[in-house]
Amino acid sequence: MFGFSKKKNKNTVQDLIGIETFTKRGLKTKYGELVYFMISPTNISVLSNENIQTKIWHLMQVLSAQPNIEITCIDSCERFDDNKTFMVDRLGDEENPSVKDCLAKDIDYLDNIQIEMSTARQFMFSVRFRKEKEEQIFNQVNKVEKAIAEQGFEVKRAKKDDIKRFLAIYFGASMQGELIPDVDGGDCFEEEIKKAVA
């Protein structure tokens with residue numbers, strides 16, 4: 001009557017986050033192909049101010065040589081903040097001294113785990129390719145990896161399992177993203193094929 005379209009929006013989660021598929025180098029997105037490099041973190045709490053300044057200068061050198069690098073930092077461990085908040089609230093409401101004691105011990109345990117894991121970070125550098133030819137991408141990927149390594153960073157190109165683990169942590173899905181199947185329900189489909197063939 002008013003000319004409104006009743007067409008339903010059928011966007012999938014994959015559409016919303018812009019990932020299309022895995023490639024032999026990384027991820028294909030609607031904004032181009034992303035190639036990831038994993039950088040081993042340095043524990044700067046044990047470095048002198050001079051060494052920290054040197055590390056910062058080396059990072060600046062990488063970024064000036066490769067200005068199109070994107071950087072992501074994620075926790076490589078689980079967060080227990082929600083659990084701890086729940087337990088603290090529960091401790092305030094609890095009247096039974098034995099249960100209060102158990103809750104206090106659980107809170108201490110979570111605190112200790114978080115302190116141990118507080119330095120567990122993962123750094124991913126990524127380079128985006130839009131319309132480059134295969135040879136150009138190959139050369140640029142090698143050039144970026146070399147530039148990072150030459151500045152003293154421990155670097156390795158991320159493989160498919162590394163990228164899956166990174167995405168799972170980033171989206172809060174799992175700490176074992178490499179075990180998540182590439183396609184939802186794909187394993188069920190394979191079972192149906194096996195049954196049909198048998």
Interatomic distance, NZ@Lys156 vs CZ@Phe37, rounded to 0.5 Å, equals 13.0 Å
task = Take Lys105 and Asp101 through the salt bridge (Lys or Arg N to Asp or Glu O under 4.0 Å) test and state the conclusion after the steps.
result = CA-CA 6 Å; Lys105 287 178 181 175; Asp101 187 48; 3.4 Å; yes
Is there a side-chain contact between Leu167 and Leu27, using heavy atoms and a 4.5 Å cut-off? yes
Q. Are Arg157 and Asp162 side-chain neighbours, meaning at least one heavy-atom pair lies under 4.5 Å?
A. no
Point to revise | Beyond-backbone contact of Asn68 with Gln66, side-chain heavy atoms, under 4.5 angstrom | key: yes
- Near Lys100 NZ, under 6.0 Å, is it more than 12 heavy atoms from other residues, nucleotides or ligands? yes
| query | Gln140 side chain to Phe138 main-chain N or O, any donor-acceptor pair under 3.5 Å? | reply | no
One should read off an interatomic distance between Arg128 CZ and Tyr31 OH, to the nearest 0.5 angstrom, of 8.5 Å
**Q.** Within-4.5 Å side-chain heavy-atom neighbours: Val127 and Ile69
**A.** yes
Any heavy-atom pair between the side chains of Lys164 and Phe22 that's under 4.5 Å?
yes
Aromatic ring pairing Phe166/Tyr36, orientation class (parallel under 30°, perpendicular over 60°, tilted between): tilted
* To do: Taking the side chain as every heavy atom from C-beta outward, state whether Glu33 and Ile137 have any pair of such atoms under 4.5 Å apart.
  => yes
Exercise. Would you verify whether the NZ or CZ of Lys84 falls within 45 degrees of the ring axis of Tyr109 while also being under 6.0 Å from that six-membered ring's centre?
Key: no
Practice task
Kindly indicate whether the side chain of Leu63, heavy atoms from C-beta on, has any atom under 4.5 Å from the side chain of Ile71.
Solution key: yes
